Amino acid sequence: MSREQWLQMYAQMLRIRVFEEHVNELYTSAKMPGLAHLYIGQEAVAVGVCQALRSDDYITSTHRGHGHCLAKGASVDRMFAELLGKAPGYCGGKGGSMHIADQERGNLGANAIVAGSTGIATGAALAAKRQGSDRVAVCFFGEGGVGQGILYEVMNLAALWTLPVIYVCENNLYNEYTHYTETTAGDLLLRPRAFGIFAEEVDGQDVRAVHAAASRAVARARRGEGPAFLLCQTYRFLGHHVGDISRAYYRTKDEEQRYKAERDPLHILTRWLVAERLAAPEEFARVEQQVRAEIAAGLQFALAAPYPDPGEVDRDVYA
Amino acid sequence: MSREQWLQMYAQMLRIRVFEEHVNELYTSAKMPGLAHLYIGQEAVAVGVCQALRSDDYITSTHRGHGHCLAKGASVDRMFAELLGKAPGYCGGKGGSMHIADQERGNLGANAIVAGSTGIATGAALAAKRQGSDRVAVCFFGEGGVGQGILYEVMNLAALWTLPVIYVCENNLYNEYTHYTETTAGDLLLRPRAFGIFAEEVDGQDVRAVHAAASRAVARARRGEGPAFLLCQTYRFLGHHVGDISRAYYRTKDEEQRYKAERDPLHILTRWLVAERLAAPEEFARVEQQVRAEIAAGLQFALAAPYPDPGEVDRDVYA
Amino acid sequence: MSEPVIAAAVREITFGQAVREALAEEMRRDPAVFIIGEDVAEAGTPFKVLSGLVEEFGRDRVIDSPISEAGITGLAVGAAMTGMRPVVDIMFGDFITLAMDQIANQAAKVHYMSGGKLKVPMVVRTTLGATRRSAAQHSQSLQAWVSHVPGLKVALPSTPYDAKGLWKTAIRDDNPVVIFEDKLMYQLKGPVPEGEYTIPFGTADVKREGRDITIVATSSMVQVALQAADLLAPLGISAEVVDPRTTAPLDARTLVESARKTSRVIVMDEGYQRYGITAELAAVIAEGAFHYLDAPVTRLGAMDVPVPFSPVLEDLTVPTPDRVVEAAKTLCGRR
Amino acid sequence: MSEPVIAAAVREITFGQAVREALAEEMRRDPAVFIIGEDVAEAGTPFKVLSGLVEEFGRDRVIDSPISEAGITGLAVGAAMTGMRPVVDIMFGDFITLAMDQIANQAAKVHYMSGGKLKVPMVVRTTLGATRRSAAQHSQSLQAWVSHVPGLKVALPSTPYDAKGLWKTAIRDDNPVVIFEDKLMYQLKGPVPEGEYTIPFGTADVKREGRDITIVATSSMVQVALQAADLLAPLGISAEVVDPRTTAPLDARTLVESARKTSRVIVMDEGYQRYGITAELAAVIAEGAFHYLDAPVTRLGAMDVPVPFSPVLEDLTVPTPDRVVEAAKTLCGRR
Ligand SMILES: Cc1ncc(C[n+]2csc(CCOP(=O)(O)OP(=O)(O)O)c2C)c(N)n1
Ligand SMILES: Cc1ncc(C[n+]2csc(CCOP(=O)(O)OP(=O)(O)O)c2C)c(N)n1
Ligand SMILES: [Mg+2]
Ligand SMILES: [Mg+2]
């Protein structure tokens with residue numbers, strides 16, 4: 001990996017961070033319809049994985065999907081537009097935060113059904129294989145997704161047919177407002193392994209670790225060696241969604257503080273880059289300036305954009 | 001275990017065998033409506049497990065459910081009546097072969113949805129625990145059931161809440177007409193273990209082995225030590241259902257012959273009883289006479305029984 | 001059954017509070033009742049409707065579950081068959097899709113298939129309704145599916161009063177009942193007696209009497225119908241608003257009687273219109289009041305599109321008071 | 001689209017053969033088409049409808065799956081979004097309960113939610129129909145559920161000819177289509193051209209012309225309606241039998257025109273009557289032919305009970321030619 005690549009990852013993580021901060025602001029200032037589930041704290045997972053992918057590889061995403069979408073290469077202006085329900089949004093305003101898809105970059109869509117896209121990713125992998133391409137499909141889901149039976153059904157299919165799909169489980173410790181240990185029996189890694197799926201645990205706050213593990217899994221899949229499962233240990237810094245402000249009943253301020261102080265994926269990367277003398281603080285500042293400018297412009301674009309024409313309401317029901 | 005107990009198990013297995021032979025005959029002579037899935041070859045599983053249960057313990061069963069029902073204590077007359085759609089049948093003729101239930105003996109019902117009763121058994125175990133009883137619930141299902149996501153959902157619940165439920169997977173090698181190795185990736189036993197569930201493999205043709213393993217699992221569950229999973233290796237001697245006559249396209253005559261000759265659960269038990277000098281061939285003959293008499297009488301009862309009154313058709317829709 | 005006359009001084013509480021009160025009262029009355037669902041305990045559900053119950057009844061009776069809609073529904077079926085009275089909380093109505101086998105093939109059929117020997121006294125609690133900007137997978141009103149299945153009962157409370165009374169009936173019913181609550185109605189206030197009362201299933205309620213037109217509406221649409229009736233009054237159109245309260249069983253008689261009286265009918269429901277609740281209501285009324293109707297029954301369901309996210313689109317998909325007024329004017333020959 | 005006039009000498013094949021022929025032709029034409037389901041390969045499904053396909057197209061295109069209805073449906077959605085045209089075989093219609101999230105929340109909505117960018121050209125193939133003594137979990141006709149969901153198309157072929165034509169249209173359609181086949185109809189023979197033809201969705205077919213009464217019927221009920229028409233003819237009642245062929249889209253115009261012509265209508269479907277297909281058909285006809293109808297539309301769906309096993313009970317639950325004749329005589333004032 002080159003210096004430029006690390007800086008690129010830093011820029012991507014920062015884009016997500018700043019994008020999400022603006023989404024939060026849109027919500028608190030009542031400029032955004034509905035809710036949104038912010039990715040802040042988990043940036044290293046999406047970026048580490050997507051940097052290991054080609055543009056024509058597929059991903060599927062979740063209700064907490066802005067990070068995956070940006071990491072796969074989406075532009076912030078059309079994302080903001082989608083979140084605001086505007087016409088130039090990625091889905092013409094019809095999908096919103098929980099359904100952003102970006103077909104051109106292989107993002108088959110966020111999904112508001114927990115584990116609802118596990119079948120889709122597996123099917124995309126089947127298609128890639130049948131079509132003789134070496135594309136892979138990545139399926140992002142939260143650790144709450146392991147409660148859904150369909151995950152086991154499709155892991156079995158992927159293993160049986162050696163499909164190039166990588167299940168990326170982001171364990172941010174909470175299913176909404178319930179700690180995952182209250183909902184998850186046994187050993188998480190054994191679940192994919194029971195199906196003969198190669199599985200690894202990885203520090204989801206360390207983009208280098210995520211990227212390395214993802215690269216291994218992707219390489220295996222491209223070589224035709226079948227599915228893999230990455231268990232990324234991570235943490236969401238903010239609420240389950242933008243409206244989840246009072247969190248004391250399910251987790252402590254102290255826990256949050258500790259993660260923010262010690263386990264921030266941006267700091268972990270910059271600290272390492274500085275220690276290795278690969279980058280100086282000024283470079284981060286320069287990146288940040290660019291990122292902030294891009295995002296400010298994107299937001300402006302979206303705020304100024306028109307709403308969809310009312311006639312859109314019954315278009316696209318059928319292809 | 002006493003000599004009498006072994007002979008009792010022999011009698012139970014033989015009852016199932018002879019009952020099923022009569023069902024087959026009812027079908028071929030066009031006296032039975034619909035189809036039936038015969039349990040012949042798998043008798044040691046139902047009997048070995050149910051002999052480890054109390055009458056007030058629960059079981060749930062499958063489309064291949066006659067064996068479980070008989071082993072839990074049902075009488076053959078009312079079972080035949082149900083299979084013929086007659087009024088004195090266990091379900092008044094409304095359920096038929098695939099839905100026989102026998103509430104008084106804790107049989108919560110056969111189920112025509114593969115793995116459809118896994119939730120029911122788990123819920124019965126929850127009820128037993130909440131009610132402060134030491135009842136256990138046994139969930140019988142074929143190895144095809146491991147394809148259904150709900151199994152993983154409820155195994156997780158059972159493990160989380162230490163429920164007294166025993167999942168008994170009867171691996172008879174085939175999901176209908178497809179060999180299970182074509183539908184099942186990885187290691188079957190690892191699947192329950194991934195959820196922290198105690199799991200054992202057992203020779204399903206040896207009623208003594210099944211009974212021993214089931215007794216261990218039941219004892220654990222009664223002591224409050226939670227769920228268990230028994231993988232019983234078995235074989236169905238006949239077709240998937242009574243109409244499945246030409247089986248050459250999915251399994252060889254040779255394989256069938258081998259199992260019948262070498263792995264018949266009745267022979268395996270009688271051979272052992274004789275070798276250990278616990279019983280003599282005459283005793284088996286005496287048991288057989290009794291069993292055949294009981295079954296002939298039961299069948300006569302059912303054939304002579306009336307059909308339900310037409311007015312029954314819309315009764316019992318609501319309690 | 002007891003439906004007391006509401007005293008003038010009866011206290012007002014919200015729809016959400018009425019649901020919680022009914023559950024709390026029933027849980028106090030019957031130790032077999034328990035609640036299971038995602039984030040139902042300390043969180044009290046994302047809508048906070050169940051807040052406080054875990055503190056009173058403990059975690060054995062208000063059970064936070066994994067995200068396993070099929071699994072917890074199946075578990076509830078088994079528990080119900082063996083002496084418990086579970087309430088399964090399915091956070092959004094859209095998620096009943098995941099539990100349809102357990103609801104329609106198991107819960108609904110066990111009693112009949114067993115020849116009446118086993119029973120499944122459970123309640124599936126879920127939500128309906130759009131215009132929360134929650135998009136296509138969190139906004140559906142799927143009551144038509146479960147209303148279609150024999151063996152299930154389906155309740156759709158439209159006021160705090162009905163919520164408490166229907167809930168208590170549901171919990172005491174020996175059959176599987178699905179209750180849909182409109183997410184946007186939780187803050188709606190209305191009079192609710194503190195005492196004990198139940199509302200029998202299959203009894204429609206005339207929410208407003210009128211002479212010129214009948215508006216049959218369910219759940220969320222009852223409020224829309226009542227607003228429309230307010231707008232119609234000054235135009236000289238006296239609208240009767242009838243709420244079936246349960247779609248299964250359906251009180252066809254009350255609907256038909258009102259239709260015979262007014263000769264003009266609008267039927268409303270927030271589910272998709274096509275093959276939805278309004279089809280059955282229209283068919284039942286057309287049959288029962290055939291010779292009395294001046295015009296075909298007008299159906300107002302949700303537009304037959306996945307619910308769009310963008311507010312400017314989403315608001316077009318559900319019936320509004322204005323659209324009801326337009327339909328009523330047309331039916332009454334006022335245009 | 002091309003619907004050739006059927007020459008007198010056209011060969012007769014069974015319904016099952018027509019389905020297989022359509023699939024084979026489409027698989028030859030388009031390498032993106034594949035079939036996935038339980039026991040679809042060597043076994044050719046329990047009904048043997050797909051026999052021979054795996055021999056021609058291989059196991060990569062006729063794929064035996066684990067018993068994972070949700071999983072294979074989800075997989076098909078993803079494959080369809082990325083260039084394939086999957087056909088998912090769900091052995092019994094009762095099992096779509098297990099895949100409803102993938103069908104209704106994913107397949108049906110992807111195109112709309114993505115603003116028209118992604119599409120899901122897949123077919124869910126399943127069965128309907130009772131009276132096979134298969135009891136409550138293998139006998140349902142759940143077409144009302146999927147017909148209710150925007151984004152899905154639903155086809156219900158009633159003849160070998162329609163089966164082939166509708167199947168070819170379904171596979172070429174860029175949307176998710178659910179096809180229900182009546183299990184008891186597989187052996188039914190009828191003329192089917194060898195050549196290429198498709199039947200456009202949303203075009204009802206007048207299966208028999210008549211003057212006095214319209215019988216609208218779907219799938220299995222079309223044959224029952226035709227038998228009833230035969231019985232009615234000698235009584236001097238000329239029955240027109242109209243088959244919508246697809247419930248979504250629905251050719252309301254043809255139904256309404258026939259109703260306007262005859263003034264008397266029976267609507268039939270093998271699904272549960274309550275909140276079923278007959279409700280929509282009745283409502284649509286009552287609206288479109290309001291001033292032409294002599295009497296309310298008569299609905300004949302399945303009885304609202306779980307399907308009982310016992311033949312003496314099961315046979316009571318579905319409409320029979322005799323019952324149609326009774327209803328027709330009543331409508332025509334012949335009693
Ligand atoms: C099938 C289903 N059940 C419930 C929900 C409601 N819900 C939305 S997010 C969420 C928790 C998800 O937790 P996890 O998978 O860990 O993802 P995270 O939010 O932590 O990213 C739940 C229960 C849903 N969207 N889908
Ligand atoms: C959910 C579901 N899918 C498909 C079927 C059709 N089916 C009936 S039995 C069977 C095979 C079951 O195999 P297994 O579980 O191994 O049980 P066995 O028949 O071998 O006892 C299938 C696919 C069904 N009944 N339920
Ligand atoms: Mg989480
Ligand atoms: Mg098997």
Side-chain angles (χ1 to χ4, degrees), chain A residues 58 60 82 87 89-96 98-104 106 108-113 115-131 133 135 137 139 148-158 160-161 163 165 308 312 314-319, chain D residues 31-34 36 59-61 63-86 88 98-99 101-102 104-122 149-153 173-177 201-202 248-249:
Chain A
Y58 297 115
T60 65
E82 189 59 36
Y90 270 106
C91 309
K94 288 179 178 168
M98 290 203 288
H99 303 290
I100 287 195
D102 177 11
Q103 198 201 5
E104 284 145 56
L108 300 176
N111 206 303
I113 302 296
S117 72
T118 53
I120 294 172
T122 310
L126 178 83
K129 182 166 175 167
R130 286 290 183 273
Q131 291 158 353
S133 86
R135 288 174 169 186
C139 177
Q148 290 285 322
I150 191 171
L151 173 64
Y152 305 91
E153 298 191 6
V154 301
M155 287 200 300
N156 185 46
L157 303 181
L160 274 174
W161 301 329
L163 302 181
V165 53
E312 276 298 320
D314 58 1
R315 265 176 232 148
D316 303 326
V317 180
Y318 292 98
Chain D
V33 179
F34 71 93
I36 185 166
R59 295 178 129 242
D60 271 3
R61 295 186 66 196
I63 308 173
D64 269 344
S65 81
I67 309 173
S68 306
E69 283 78 5
I72 60 175
T73 306
L75 177 117
V77 175
M81 288 165 73
T82 53
M84 306 298 285
R85 291 189 167 266
V88 184
L98 292 155
D101 178 63
Q102 292 300 315
N105 282 337
Q106 311 297 341
K109 295 182 173 42
V110 161
H111 186 64
Y112 189 86
M113 293 193 305
S114 70
K117 294 222 203 83
L118 295 162
K119 58 190 170 75
V120 185
M122 69 185 269
V149 179
L152 299 178
K153 297 187 178 180
D173 200 296
D174 272 345
N175 300 284
V177 177
F201 286 178

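Predicted model, so just to flag it, every value in this text is computed and none were measured.
Counting heavy-atom pairs under 4.5 Å between each of I150(A), T60(A), T118(A) and chain D puts I150(A) at the top. Highest contact tally toward chain A, considering only E69(D), M84(D), H111(D), is held by H111(D) [criterion: heavy-atom pairs under 4.5 Å]. When each of L126(A), V317(A), T122(A) is checked for heavy-atom pairs under 4.5 Å with chain D, V317(A) comes out on top. Annotation: maximal heavy-atom pairing with chain D below 4.5 Å, among G95(A), C91(A), A137(A), G149(A), occurs at C91(A). Counting heavy-atom pairs closer than 4.5 Å to chain A, the top residue among Q106(D), K109(D), K119(D) is Q106(D). Most heavy-atom pairs under 4.5 Å with chain A, from the set L98(D), N105(D), L152(D), I67(D): that is L152(D). Ranked by heavy-atom pairs shorter than 4.5 Å toward chain A, the options S65(D), G116(D), P176(D), S68(D) are led by S68(D).
Looking at I100(A), neither its backbone nor its side chain comes within 4.5 Å of chain D, counting heavy atoms on both sides. The contact between L157(A) and chain D is made entirely by side chain atoms (from C-beta outward), counting heavy-atom distances below 4.5 Å. Proximity to chain A is absent for every atom of A76(D), based on heavy atoms less than 4.5 angstrom apart. Contacts between I63(D) and chain A at a heavy-atom distance below 4.5 Å involve the side chain alone, from C-beta outward. Of the atoms belonging to I72(D), heavy atoms from both backbone and side chain fall under 4.5 Å from chain A. Using a 4.5 Å cut-off between heavy atoms, L151(A) makes no contact with chain D at all. No part of Y152(A) comes within reach of chain D, as not one of its non-hydrogen atoms sits under 4.5 angstrom from that chain. For A124(A), the parts sitting under 4.5 Å from any heavy atom of chain D are the backbone and the side chain alike. Contacts of D60(D) with chain A are made by both backbone and side-chain atoms, with heavy-atom separations under 4.5 Å. In this structure, chain D has no heavy atom under 4.5 Å from any part of D102(A).
Applying the side-chain contact (heavy atoms from CB on, under 4.5 Å) test to K153(D) and every residue at least two apart in sequence or in another chain returns Y318(A), D173(D), N175(D), V177(D), F201(D), P249(D). When the salt bridge (Lys or Arg N to Asp or Glu O under 4.0 Å) test is applied to R315(A), the partners found at least two apart in sequence or on another chain are E312(A).
Residue G123(A) comes nearest to T82(D) through the heavy atom pair O-OG1, 4.3 Å, listed as atom of the first residue, atom of the second, then distance. Taking every heavy atom of both residues into account, L108(A) and M81(D) meet most closely at O-CE, 3.4 Å. Here the closest non-hydrogen pair linking G71(D) and E153(A) is N-OE1, 2.7 Å. Between K117(D) and Q103(A), the shortest heavy-atom distance links the atoms O-OE1, 3.3 Å. Heavy atoms only, all atoms of each residue included: S114(D) and A101(A) are closest at CB-CB, 4.5 Å.
The structure places CH2 of W161(A) at 3.5 Å from CD1 of I36(D), a figure rounded to the nearest 0.5 Å. The line from CG of L160(A) to CG of D64(D) is 11.0 Å long, rounded to the nearest 0.5 Å. In this structure, OG in S117(A) is found 9.0 Å from CD in Q102(D), a value given to the nearest 0.5 Å. Considering CZ of R61(D) and CZ of R130(A), their distance stands at 10.0 Å, rounded to 0.5 Å. I113(A) contributes atom CD1, which lies 4.5 Å from atom CG of D101(D) (distance to the nearest 0.5 angstrom). Summarising the geometry, atom CG belonging to L118(D) is positioned 11.0 Å from atom CG belonging to D316(A); distances are rounded to the nearest 0.5 Å.
Applying the 6.0 Å contact sphere to CD of Q131(A) captures more than 12 heavy atoms from other residues, nucleotides or ligands.
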